[in-house]
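Basis for what follows: all heavy atoms, side chains included, without hydrogens, waters or symmetry-related copies. Since the model is a prediction, treat every value here as computed from it, not as a measurement.
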Amino acid sequence: MDIQNNTLVRYGLLEMLEQEFGVQIGEDELEKIELAKQCIKVYDSPEEFFQSTGWAKDNPELSDFQYLLENNICKWIEGKVWYFSRIQFEEQLKKLDK
């Protein structure tokens, strides 16, 4: 995705982040947008998400997929499971601000 040179791509990503995950980033904050893009992972199924991330092992009390959907951790988008790692994003923002 060409975030810097393609306004439509940038705007689409920002809208998706805000609508699906509640993350607001300004259109001119290119470094933050690029960081957010790196924190998005797409999986074919909930099973693949759980297997790839180890979520159920690390968070057994929060491993119901419905919980993940209701709390904007994962989203069903066009038949795929989209995951936005807030922890990874916040850690990268701290490094960016230093």
Side-chain angles (χ1 to χ4, degrees):
M1 276 194 284
D2 188 3
I3 299 293
Q4 292 190 320
N5 298 316
N6 191 320
T7 305
L8 184 59
V9 169
R10 184 171 55 245
Y11 181 75
L13 177 62
L14 291 173
E15 281 295 306
M16 189 268 302
L17 284 167
E18 185 172 350
Q19 289 180 11
E20 300 296 341
F21 297 104
V23 175
Q24 295 180 338
I25 302 173
E27 192 173 326
D28 60 337
E29 297 179 285
L30 296 178
E31 287 180 293
K32 288 182 181 180
I33 296 169
E34 188 62 40
L35 289 176
K37 182 182 93 170
Q38 295 170 16
C39 296
I40 298 170
K41 303 288 186 247
V42 181
Y43 300 96
D44 289 327
S45 67
E47 294 78 20
E48 182 184 2
F49 165 77
F50 285 121
Q51 184 176 31
S52 295
T53 64
W55 182 277
K57 190 185 305 181
D58 295 338
N59 306 287
E61 69 283 358
L62 306 174
S63 62
D64 177 56
F65 193 68
Q66 191 62 36
Y67 169 86
L68 300 177
L69 293 173
E70 290 171 359
N71 288 282
N72 298 326
I73 297 166
C74 290
K75 291 291 184 175
W76 277 114
I77 302 174
E78 295 188 11
K80 303 280 185 177
V81 176
W82 289 58
Y83 169 63
F84 177 74
S85 176
R86 290 180 196 282
I87 292 172
Q88 181 183 357
F89 181 63
E90 290 170 5
E91 287 174 358
Q92 295 299 322
L93 281 180
K94 288 177 188 174
K95 292 178 185 176
L96 185 64
D97 290 339
K98 288 184 180 181

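Within the 4.5 Å cutoff, no side-chain heavy atoms of K95 are placed close to those of L35. No side-chain heavy atom of D44 sits under 4.5 Å from any side-chain heavy atom of V81. Residues I77 and E20 have side chains in contact (heavy-atom distance under 4.5 Å, counting atoms from C-beta outward). F89 is not listed as a side-chain neighbour of Q38, based on a closest heavy-atom distance of 4.5 Å or more. For the pair W82/C74, no side-chain contact is recorded, criterion being any heavy-atom separation below 4.5 Å from C-beta on. Considering only heavy atoms from C-beta on, K80 stays 4.5 Å or farther from Y43 through its side chain.
Minimum heavy-atom separation, Y67 to I73: CE2-CD1, 3.9 Å. Between K32 and L93, the closest heavy-atom pair is CG-CD2, 3.6 Å. Between G22 and R86, the closest heavy-atom pair is N-NH2, 4.4 Å. Considering every non-hydrogen atom in both F50 and S63, the closest pair reads CZ-O, 3.1 Å. Nearest approach of I40 to F84, heavy atoms of both residues: CG1-CD1, 3.8 Å. In plain terms, the two heavy atoms of I33 and E27 that are nearest each other are CD1-O, 3.7 Å.
Summarising the geometry, atom CD belonging to E91 is positioned 9.0 Å from atom SG belonging to C39; distances are rounded to the nearest 0.5 Å. Remark: N6 CG to L13 CG distance equals 11.5 Å, nearest 0.5 Å. Taken to the nearest 0.5 Å, the CD atom of Q51 stands 9.5 Å off from the CD atom of E47. Residue T53 holds its OG1 atom at 10.0 Å from CD of E48, rounded to the nearest 0.5 Å.
Between W55 and Y83, the ring planes lie perpendicular to each other; the angle is over 60°, past the 30° to 60° tilted range. In this structure, F65 and W76 have perpendicular ring planes: the angle between them is above 60°, well past the 30° mark.
Under the 4.5 Å side-chain heavy-atom criterion for ILVMFWY residues, no single connected hydrophobic cluster contains both Y11 and V23. Transitive grouping of hydrophobic side chains (ILVMFWY, heavy atoms separated by less than 4.5 Å) brings V42 and L14 into a common cluster.
Comment: E34 engages K37 in a salt bridge, judged by a side-chain N to carboxylate O separation of less than 4.0 angstrom.
The number of heavy-atom neighbours closer than 6.0 Å to CD of E31, taken from other residues, nucleotides and ligands shown, is 12 or below. Within a 6.0 Å sphere centred on CD of E29, heavy atoms belonging to other residues, nucleotides or ligands number more than 12.
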